[in-house]
Amino acid sequence: MEKKVAVLPGDGIGPEVTEAAVKVLEVIAKRFGHTFHFEHASIGGDAIDQHQNPLPDETIAICEASDAVLLGAVGGPKWDQNPQALRPEKGLLAIRKHFDLFANLRPVKAVPSLLHTSPLKEENAKEVDMLIVRELTGGLYFGEPSHHTDEGAVDTLLYTRAEIERIVEKSFEFAQLRKGKIASVDKANVLESSKLWRKIVDEKKVAYPDVEVEHMLVDSTSMKLITNPAAFDVILTENMFGDILSDEASVITGSLGVLPSASMRADSFGLYEPVHGSAPEIAGKGIANPAATILSAAMMLRYSFGMEAEAVAIEKAVDTVFEDGSFTADLADSAQQALTTQEWTEKVINEIESQSVSNSIMNSYV
Ligand SMILES: NC(=O)c1ccc[n+]([C@@H]2O[C@H](COP(=O)([O-])OP(=O)(O)OC[C@H]3O[C@@H](n4cnc5c(N)ncnc54)[C@H](O)[C@@H]3O)[C@@H](O)[C@H]2O)c1
Ligand SMILES: CC(C)[C@H](C(=O)O)[C@@H](O)C(=O)O
Ligand SMILES: [Mg+2]
């Protein structure tokens, strides 16, 4: 297959981790006989510096001409004092909105070889396998009015029925493919938008009798994520709650550096990015963990290109490298044992290449 991928490295560690993921995708292309065309474009602070715009038209055009987008991260102290329209984060919100990427999938799965780094007791963490389905193009992030003066400030939490219905349906579809359990997380004891959210979840669940639904409040959910994370299958929630709960859930698995994400719309086009940000304090040192971006690339292969075997090849290689005890600094026991971003990526690449050898040996016996 031939596919076009727009690569938006962004800021901080973004360029380091996207470079790693592109290298892995190139190896996958070679091993499985595909052609991936990569076109790089700017977003975030990088785009502000070059074009005075966190999401230039040229970047949108490159993404529109692509089958999927791979993004690193945006933001950093350099742009923190900029006016709102020139904040790197605006570029990220704008690209999500422009492409109508309403469904943000954030899988959180315990990796046995990382459990030593989790602050949770091993018996609590080891069975964790959840999918956070976060609404991504509505809610507080986009509601108008939204502005501030020195005397006051306003943000607006707005959800339309249609916006809620489509994310609720997505979460039911995913629950049917998993353990059939949804925790729909809201703040219906206070927020009007959450009351409508609950009503729509209840309406929709009639069509999915095989799925069990529990409504949960976001405050106690954040506690249960720590005390009993294995109890969750699909967590369905709105934009802001999903942002916070996914960073919290990353702690269970050991590091924010291993959590991937996919942002999808109704068709197969998607944007793939790590859950983490631009980590400015470690940027340029070559020590960032590229696993989250490499695993996001695997999600791209699965959801945008329908390449399941290729996605599994990456996921297996990442697991094997962790099992071998190879870690970047965020997960290593000591600085001496830590691999650089490049060294760790090379291990994943070698692993994929050795899978190819064992597969061809297998094939020669069939
Ligand atoms: N999707 C995105 O582009 C995105 C997401 C979150 C934050 N941000 C932006 O990133 C900037 C920094 O935000 P922050 O510090 O709150 O969050 P962050 O996710 O960048 O970092 C949080 C912590 O995790 C560590 N970390 C994150 N990714 C890592 C990796 N791959 N390897 C090793 N360690 C890693 C960092 O060093 C830091 O200690 C802000 O400007 C924020 O707006 C962007
Ligand atoms: C950078 C920020 C706008 C973004 C968000 O809140 O969605 C980030 O935290 C994320 O999780 O992707
Ligand atoms: Mg976040």
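In each ligand, atom 1 is the first atom listed, and ligand 1 is the first ligand listed. Computed from a predicted model, the values in this text were never measured in an experiment.
Closest protein heavy atom to atom 36 (C) of ligand 1: Glu281 OE2, 3.3 Å.
When Arg106, Arg87, Met240, His276 are checked for heavy-atom proximity to atom 10 (C) of ligand 2, Arg106 turns out nearest.
Annotation for ligand 2: atoms under 4.0 Å from non-hydrogen atoms of Glu89 are 1 (C). Near Ile13, meaning under 4.0 Å from any of its heavy atoms, are these atoms of ligand 1: 28 (N), 29 (C), 30 (C), 31 (N). Interface atoms of ligand 1 facing Leu256, defined by a heavy-atom separation under 4.0 Å, are 19 (O), 22 (C), 24 (O). The contact set between ligand 1 and Leu92, taken as ligand atoms under 4.0 Å from a residue heavy atom, comprises 1 (N), 2 (C), 3 (O).
Heavy atoms of Asn289 found under 4.0 angstrom from ligand 1 belong to the backbone as well as the side chain. The residue Asp247 has no part lying near ligand 1, judged by heavy-atom distances below 4.0 Å. The part of Pro280 lying near ligand 1 is the side chain, judged by heavy-atom distances below 4.0 Å. Under 4.0 angstrom from ligand 1, the non-hydrogen atoms of Val74 come from both its backbone and its side chain. Counting heavy atoms under 4.0 Å from ligand 2, residue Arg96 touches it through the side chain alone. Under 4.0 Å from ligand 2, not a single heavy atom of Lys90 appears.
Considering backbone and side-chain atoms together, Glu273 places no N or O closer than 3.5 Å to any N or O of ligand 2.
Look at Asp243 and the Mg ion (ligand 3): an N/O/S atom of the residue is under 2.8 Å from the metal.
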